[in-house]
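Here is the structure we will look at.
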Amino acid sequence: MKFPYGFLLAALFAFPAMSDTPTPQPPPYSLPDPLKMQDGTPVTTPKMWRSKRRPELISLFENEIYGKTLVGKPDKLRFVLREEKKDARDGKATRLRVGILFGGREDGKQMELLVYLPNNVKGRVPLFLGLNFDGNYTTTSEPDIPLPTHWVNGLFANKPADHKPTEAGRGIHSYMFPYDLILSRGYGFATACYGEVEPDEKDRWKDGPRSLGPQPGANDWGAIGAWSWALSRALDYLQTNKRVDSKRVAVFGFSRLGKTAMWTGARDERFAMIISQNSGKGGVSLSKRLVGEPVEHLAGRLGHWFAPNYAKYAKNEAALPVDGHQLAALIAPRPLLILSGLEDKWSDPEGEFLGGANADAVYRLLGTDGISTKIWPAPQTLISSTIGYYLRPGKHDVTLEDWQATLNFADKHLRK
């Protein structure tokens with residue numbers, strides 16, 4: 001359901017937003033100040049942010065939104081190189097298939113990481129890391145990527161029976177993964193399927209790493225936490241690869257996996273840059289701004305993504321103790337790029353912009369330039385300050401245009 005609400009300024013510290021395109025207008029709403037402790041004490045120094053406010057916000061997101069994710073890598077975590085093809089993509093790349101065995105066993109919980117490294121670059125390379133929806137073989141038409149056996153979603157095309165991958169799915173999402181362009185710009189790329197980590201269905205938590213973590217409870221981690229944990233395990237592997245500059249790894253994700261990328265970047269400060277591709281509500285978009293997808297929808301049919309406590313805020317967004325701008329603030333001072341689609345009303349693209357804009361004060365406290373505009377920019381205008389933003393025409397998707405903007409942003413921020 002969509003909400004045809006009227007527009008008002010969010011709060012004294014909430015930036016206004018403007019655009020030539022009319023948007024649904026929300027009723028009045030108030031945002032919690034990222035630079036004010038829960039007891040009202042102002043946060044005035046970087047030290048106070050790091051030692052007090054940041055841990056407080058992480059705890060709030062754990063308890064009320066995503067759940068308390070298992071911290072760190074398991075003792076039995078093991079990496080297995082299953083393939084190294086040095087002349088992949090017509091000689092442009094070295095392609096690796098790496099088994100990341102969460103419990104150390106080939107027949108146990110795991111994911112396969114597909115890695116491309118550019119052959120025309122000497123030394124260590126910066127790299128993009130993110131999850132995909134339907135298996136590594138759907139991100140490329142290469143015929144020698146094996147058909148997986150794990151659960152796949154089939155969310156956007158080619159819905160397979162019983163969530164089993166079929167040959168018809170090969171390359172169906174390759175437009176979302178322009179490997180040759182990314183490699184030509186000197187970047188590596190790594191991806192794995194989120195459904196291999198944990199199937200995206202209610203009550204499947206025992207099939208993934210959540211079975212390794214805390215016992216179920218009101219703040220137990222949801223599927224987003226499980227997928228996020230797996231991205232950190234992928235980075236554990238990348239830190240062992242001598243061709244990868246592990247201090248310049250950017251984590252990205254689209255839609256629910258955009259929420260995952262945001263939570264990953266907030267929790268794991270080893271990631272050098274975070275890219276939100278249409279992460280929407282429950283991600284960087286402001287939930288208190290009642291435009292687009294409500295908590296009632298997210299916490300209902302999709303409630304397995306979140307902590308059980310999140311359901312308390314259905315039809316009660318005003319009571320949320322945290323919102324997308326504080327999630328963005330937890331990424332500070334690292335670069336954050338927010339990508340939106342103008343017609344992606346469910347995600348509320350203006351709300352996504354405001355989520356980044358209202359993290360500005362934290363970024364500036366930590367010595368960066370924050371975001372360079374307080375006004376929602378026109379489509380196809382790249383904001384390339386430390387908090388970046390790009391709005392393209394079109395709907396909920398990842399396009400070549402998104403990646404071109406991302407690469408331009410990364411050239412400025414990830415190559416430093």
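In what follows, every heavy atom counts, from backbone to side chain, and hydrogens, waters and symmetry copies are set aside. Quick note: residue numbers are just sequence positions, from 1.
Checking T191 against N136 by side-chain atom types alone, no donor-acceptor pair falls below 3.5 Å. Judged purely by distance below 3.5 Å, without hydrogens or angles, the side chains of H396 and S255 pair a donor atom with an acceptor atom. Residues N63 and S59 bring a donor and an acceptor atom of their side chains to less than 3.5 Å of each other. Side-chain atoms of D268 and S232 include a donor-acceptor pair closer than 3.5 Å. Side chains of D369 and S385: no donor on one and acceptor on the other come within 3.5 Å. For the residue pair S141 and R170, no side-chain donor N or O sits within less than 3.5 Å of a side-chain acceptor on the partner. At a cut-off of 3.5 Å, with distance as the only test, no side-chain donor of S287 or E317 sits close to an acceptor on the other residue. Side-chain contact of N408 with R185: a donor-acceptor pair under 3.5 Å is present, judged by distance alone. Looking only at atom types and distance, the side chain of Y390 has a donor-acceptor partner in the side chain of E401 under 3.5 Å away. If you check the side chains of E293 and W346, you find a donor sitting under 3.5 Å from an acceptor.
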* ring pair (Phe, Tyr, Trp, His ring centres under 6.0 Å) between F177 and H173, intermediate numbers included -> CA-CA 7 Å; F177 296 86; H173 297 320; 7.6 Å; no

* To do: Mind running side-chain hydrogen bond (donor to acceptor under 3.5 Å, both in side chains) on T140 and R89 for me, showing each step along the way?
  => CA-CA 10 Å; T140 173; R89 306 196 71 84; 3.2 Å; yes

* To do: Might you work through the salt bridge (charged side-chain N to carboxylate O under 4.0 Å, His left out) test for D245 and K247, ending with a clear yes or no?
  => CA-CA 5 Å; D245 185 343; K247 293 183 178 180; over 6 Å; no

* Asked: After noting the C-alpha distance and the side-chain angles of Y237 and R78, does the key distance pass the side-chain hydrogen bond (donor to acceptor under 3.5 Å, both in side chains) rule?
  -> CA-CA 9 Å; Y237 161 72; R78 189 161 66 93; over 6 Å; no

* Asked: How far apart are the C-alpha atoms of F252 and F189, what are their side-chain angles, what is the distance that settles it, and do they pass the ring pair (Phe, Tyr, Trp, His ring centres under 6.0 Å) test?
  -> CA-CA 11 Å; F252 72 90; F189 200 98; 5.3 Å; yes

* Asked: Would D236 and R270 count as a salt bridge (charged side-chain N to carboxylate O under 4.0 Å, His left out) if you check the C-alpha gap in whole Å, the side-chain angles of each, and the deciding distance to 0.1 Å?
  -> CA-CA 10 Å; D236 291 339; R270 296 177 299 168; 2.8 Å; yes

* Chi angles and distances behind the ring pair (Phe, Tyr, Trp, His ring centres under 6.0 Å) call for Y179, Y116 -> CA-CA 8 Å; Y179 291 135; Y116 292 96; 4.5 Å; yes

* Step-by-step salt bridge (charged side-chain N to carboxylate O under 4.0 Å, His left out) determination, R82 to E106 -> CA-CA 11 Å; R82 294 174 177 162; E106 280 279 6; 2.9 Å; yes

* **W403 and Y175: CA distance, side-chain angles, deciding distance, ring pair (Phe, Tyr, Trp, His ring centres under 6.0 Å) verdict** => CA-CA 10 Å; W403 274 109; Y175 74 95; over 10 Å; no

* Asked: Should E56 and K36 be marked as a salt bridge (charged side-chain N to carboxylate O under 4.0 Å, His left out) after you check the CA-CA gap, both sets of side-chain angles, and the distance that decides it?
  -> CA-CA 10 Å; E56 182 178 64; K36 187 173 287 186; over 6 Å; no

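Separation of atoms OG1 (T381) and CG (L391) is listed at 8.5 Å; rounding is to 0.5 Å. To the nearest 0.5 angstrom, L330 atom CG is 8.5 Å from E269 atom CD. Distance CD/E196 to CG/L131: 10.5 Å, rounded to 0.5 Å. Distance check, rounded to the nearest 0.5 Å: CG of L127 to CZ of R248 gives 10.5 Å.
D144 has a carboxylate O that lies under 4.0 Å from a charged side-chain N of R95, or vice versa, which qualifies the two as a salt bridge. At a threshold of 4.0 Å, the pair R267-E62 does not count as salt-bridged, since none of the basic side-chain nitrogens sits closer than that to a carboxylate oxygen. Taking a cutoff of 4.0 Å between a charged side-chain nitrogen and a carboxylate oxygen, R97 and E84 do not qualify as a salt bridge.
The residue from D360, T45, L35 that alone fulfils the side chain to side chain contact (heavy atoms under 4.5 Å, CB included) condition with L365 is L35.
A 6.0 Å sphere centred on NZ of K202 holds no more than 12 heavy atoms belonging to other residues, nucleotides or ligands.
L354 has its side chain within reach of R289: a pair of non-hydrogen atoms, C-beta onward, lies under 4.5 Å apart. By the 4.5 Å heavy-atom criterion applied to side chains, Y137 and P146 are not counted as neighbours.
The cationic group of R233 does not satisfy the cation-pi geometry with F102, failing either the under 6.0 Å distance to the six-membered ring centre or the 45° limit from the ring axis.
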Sequence neighbours left out, cut at 3.5 Å: what donor-acceptor pairs do the side chains of residues 300-307 make with other protein atoms?
from : atom 1 : to   : atom 2 : distance (Å)
H304 : NE2    : D200 : OD1    : 2.7
W305 : NE1    : D200 : OD1    : 2.9

